[in-house]
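Before any comments, here is the structure.
Every chain is numbered from 1, with letters handed out A, B, ... down the list of sequences.
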Protein chains: 2
Amino acid sequence: MKDAPYHHGALRDALLEAAERVLERDGLPGLTLRAVAREAGVSHAAPTHHFGDLAGLLSELAAIGFQQFHAAMTQAGAADGSPETGMARAKAYVGYAQAHPGLYGLMFRTERLDMKRPALDQAASASFTELVGAVGASRHEQISEQAMSLDQAAAIARAWCLIHGFTMLLLDGRLSNILRRLPAGTDAETLLDAMLRAPVGRPGA
Amino acid sequence: MKDAPYHHGALRDALLEAAERVLERDGLPGLTLRAVAREAGVSHAAPTHHFGDLAGLLSELAAIGFQQFHAAMTQAGAADGSPETGMARAKAYVGYAQAHPGLYGLMFRTERLDMKRPALDQAASASFTELVGAVGASRHEQISEQAMSLDQAAAIARAWCLIHGFTMLLLDGRLSNILRRLPAGTDAETLLDAMLRAPVGRPGA
DNA sequence: AGCGAAATCTTTACAGTGTAAAAATAGCGA
DNA sequence: TCGCTATTTTTACACTGTAAAGATTTCGCT
């Protein structure tokens, strides 16, 4: 049982786990390179060797976020195109973001990430592919990612923008304006359910 | 003609204008207290007296953003409830965010703002009230902000989440995945148009 | 008009950050 | 065992936000 070896052995993974802990505990503003190093019990410059710079560490962490998110999404039900599954997946989407608000926020904070990092690029693409598949299934057709029609793209954008917008506004506390004025005890999931149930045309038509 | 008086005279406004310039030029990461002071030509501690701290300055700037946004929205057409006006206003929404990406991002970066600041609270509330009015008009009814039905809340959330989600994903560069695979020359506005045209039910149904 | 008080701005200082470079340590193949 | 490389620490620097003290101007009151 080593108590403080010079060579950690698995510092890379340890740093990522430490980063996730710091993010959950102190939020995005507290997620600094030095804080992560402290949490992992190493010197503040140790992460540099494994991740290059801060954007590198954050990007690898965001990649893990996308993988977790992807797993939560597939676990919520295969994309069979049924309305019930669609609703369940939408709730799983928001549910993941509520369970990991810092991580979800990080995944879409482009200016702090390096999207060219293979791990992040791959993980994000995988999630996107899954979204495309789910929307395709609901339309009973297969959507090619290479060349899609404007109609298909619009359907994908509608689904994604609705859920992502809801998630962001919810995490940013901007939906409390609405929730507060609803019958007492109405929670976000109820609002989400109502929002997705009825069809919508032009902005508020 | 004074060339460098000790008392600036109108430093508060000058700092806000400097902050807007810095934000447009260097983006959100470059918008620091000291950078704003440099841009305005004063010492780095001068802003403290007028805004208290960084969150104070950013909040006042975000308030200006909401006012500009509000003005752009009303200028795009009165909320008469017609589909054409609704579409025009949606495009004005995204158009404003594209013209002022840093400012729009700041307006929704809750962790860097102090929402209790009167100016910000008022400006944000005014924009929200306008949204409620627009959605109400499209439904040919008046929505009370005090107590709204779940149906009304869902309609508001649908419109807002769709547009805000689209805007955020667009500014974060996440829609390029879709735009790139569309017929050559398809721009964001075309996708927005298509997205808002057709009705949508459950996520991708 | 003049004088004290308040407002405004600068200077100085401190803890924290990311990053780069050099030094120290450990593991590993020959 | 020796040398090489990977890993980690130490040191240093420029930058940040904030607090406190000093300097300067303006304002209010008599």
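- Considering only side-chain atoms of T32(B), the nucleotide from dT11(C), dG17(D), dT9(D) that sits closest is dG17(D).
- Using a 3.5 Å distance cut-off with no hydrogens or angles, the side chains of S59(B) and R112(B) do not pair a donor with an acceptor.
- Between the side chain of H44(A) and the base of dT19(C), at least one donor-acceptor pair of N or O atoms lies under 3.5 Å.
- Of the candidate nucleotides dT17(C), dT18(D), dT8(D), dT8(D) has the atom nearest to the side chain of A46(A).
- As a whole-Å value, the separation of F51(B) CZ from dA19(D) P is 17 Å.
- The distance from atom CG of L54(B) to atom P of dG16(C) is 18 Å, rounded to the nearest whole Å.
- Between the CG atom of L33(B) and the C1' atom of dC15(D) there is a distance of 13 Å, given to the nearest Å.
- Here dA20(D) is the nucleotide among dG18(C), dT8(C), dA20(D) with the atom lying nearest to any side-chain atom of A45(B).
- L57(A) has its CG atom 14 Å from the C1' atom of dT19(C), to the nearest Å.
- The side chain of S43(A) approaches dT9(D) more closely than any other nucleotide in the set dT19(C), dT16(D), dT9(D).
- Remark: P of dT24(D) and NE2 of H49(B) are 18 Å apart, rounded to the nearest angstrom.
- Salt bridge status for K116(B) with D114(B): present, with a side-chain N to carboxylate O gap under 4.0 Å.
- Between D114(B) atom CG and dT18(D) atom P the separation is 12 Å, expressed in whole Å.
- If you check distances only, the side chain of R34(A) never reaches the base of dG16(C) with a donor-acceptor pair under 3.5 Å.
- Between the CG atom of L150(B) and the CE atom of M195(A) there is a distance of 11.5 Å, given to the nearest 0.5 Å.
- Residue H50(A) places its side chain closer to dT7(D) than to any other of dT19(C), dT7(D), dG17(D).
- If you take CZ of R38(A) and C1' of dT9(D), they are 16 Å apart, rounded to a whole angstrom.
- Between A35(A) and G52(A), the one whose closest nucleotide on DNA chain C sits nearer the 5' end is A35(A).
- To the nearest angstrom, P of dT19(C) lies 10 Å from CZ of R112(A).
- Using a cut-off of 4.0 Å between Lys/Arg side-chain N and Asp/Glu carboxylate O, R109(A) and E111(B) are scored as salt-bridged.
- With E20(A) as the fixed residue, the side chain to side chain donor-acceptor pair (under 3.5 Å) test singles out one of Q68(A), R25(A), H100(A): Q68(A).
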